[in-house]
Amino acid sequence: MPDRPYTLLSCSVSLDGYLGDERPRLALSNEADFDRVDEVRASCDAIMVGAVTVRTDNPRLLVRSQARRERRTARGLTPSPKKITVTERGDLDAGSNFFTAGEVEKLVYTSSPRVRDTRARLGPVATIVDGGRRVRMRRLSEDLADRGVGRLMVEGGGIVHTQFLSDDLVDELQLVVAPFFIGDSRAPRFVSDGRFPWNAERRAKLASVRQIGDVVLLRYALSPRFRDE
Ligand SMILES: NC(=O)c1ccc[n+]([C@@H]2O[C@H](COP(=O)([O-])OP(=O)(O)OC[C@H]3O[C@@H](n4cnc5c(N)ncnc54)[C@H](OP(=O)(O)O)[C@@H]3O)[C@@H](O)[C@H]2O)c1
């Protein structure tokens, strides 16, 4: 098994590069694209989101289609992938959908000093993983590989995207552009400030462009491991 999972970062952004506004789970995409994302989810071993996304969107992070869930179980897998989150504060509600929806393993990474409190709070509903003095996404990825995760889907938000991208841990970027503006600089952006491996001198490789109704899907190959499936 490679030292880290094949990592696919999937998100949708407004025309001005935001992930949403103050409303929880603002739909940037459309039904056809949600269904495409469901297919991608079904193809992964684990789905990861940041703690702010867990708190504000309360996502279930499950495969929605019954047929896809059945295909997974026929292959000896759980109906939906494992769920992963990361937190420093540990302020997550054990009753939120992340923890209660789906009979799948839930992993919460936190820094060593926060493990005890986080375990007291979430231990009954999740596996709390000591991420070291400070949680680094490379180490987290390697730990996931050790736990059998071969294919990881990172689904936001911007703080998590920034770390995966700037640490050069993403093999494939699937970026959906919605046909409207958010126009509020307080809204979360696709990424925050950082030093990214792709810049004017080193451009990312655009692998494909696909129109899905009123949105467009851009796929970028960000590493030599990119698989055009
Ligand atoms: N359009 C889309 O496709 C899409 C997808 C997902 C989310 N979103 C939106 O994105 C917004 C949230 O994005 P966001 O950038 O504000 O937050 P985020 O990335 O979802 O979560 C950030 C939080 O994760 C934890 N975290 C991240 N890195 C960490 C590390 N190295 N060590 C320890 N903890 C770490 C911290 O949690 P603690 O604060 O608990 O310490 C941090 O505050 C929401 O509005 C959501 O609706 C949009």
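Order of appearance sets the numbers: ligands from 1, and atoms from 1 within every ligand.
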Would you indicate whether the side-chain heavy atoms of [Y] and [X] approach each other to under 4.5 Å?
X	Y	result
Asp33	Ile212	yes
Leu77	Arg71	no
His161	Val170	no

Region of Thr56 that comes within reach of ligand 1 [heavy atoms, distance under 4.0 Å]: side chain
Backbone or side-chain N or O of Thr87 under 3.5 Å from ligand 1 N or O: yes
N/O separation below 3.5 Å, Asp21 to ligand 1: no
Any non-hydrogen atom of [X] lying under 4.0 Å from ligand 1?
X	answer
Arg189	no
Leu28	yes
Arg134	no

Of [options], which has the heavy atom at the shortest distance from [atom]?
atom	options	result
atom 6 (C) of ligand 1	Gln163, Arg139, Glu155	Glu155
atom 30 (C) of ligand 1	Val86, Val37, Leu26	Val86
atom 39 (O) of ligand 1	Met137, Arg55, Glu88, Arg136	Arg55

For [atom], grab the closest protein heavy atom and report residue, atom and distance to one decimal in Å.
atom	answer
atom 3 (O) of ligand 1	Ser12 N, 3.0 Å
atom 18 (P) of ligand 1	Gly157 N, 3.5 Å
atom 7 (C) of ligand 1	Thr53 OG1, 3.3 Å
atom 21 (O) of ligand 1	Val52 N, 3.2 Å
atom 46 (C) of ligand 1	Asp57 OD2, 3.3 Å
atom 45 (O) of ligand 1	Pro188 CG, 3.5 Å
atom 10 (O) of ligand 1	Leu19 CD1, 3.7 Å
atom 14 (P) of ligand 1	Gly158 N, 3.8 Å

Side-chain ion pair, Glu155 and Arg41, N-O less than 4.0 Å: yes
Hey, what do you get for [atom1] ([X]) to [atom2] ([Y]), rounding to the nearest 0.5 Å?
X	Y	atom1	atom2	result
Leu92	Thr118	CG	OG1	8.0 Å
Met153	Leu9	CE	CG	9.0 Å
Asp168	Trp198	CG	CH2	4.5 Å

Shared hydrophobic cluster, Val125 / Val54 (ILVMFWY, side-chain heavy atoms < 4.5 Å): yes
Within one Ile-Leu-Val-Met-Phe-Trp-Tyr cluster: Leu61 and Phe99, side-chain cutoff 4.5 Å: yes
Proximal ligand 1 atoms for Val160, defined as those under 4.0 Å from one of its heavy atoms: 19 (O)
Contact atoms of ligand 1, heavy-atom distance to Cys11 under 4.0 Å: 3 (O)
Partner of Tyr109 under side chain to side chain donor-acceptor pair (under 3.5 Å), chosen from Thr127, Asp130, Asp143: Asp143
No-hydrogen, no-angle side-chain donor-acceptor test under 3.5 Å, Glu103 and Thr78: no
Charged tip of Lys83 within 45° of Phe98 ring normal and under 6.0 Å: yes
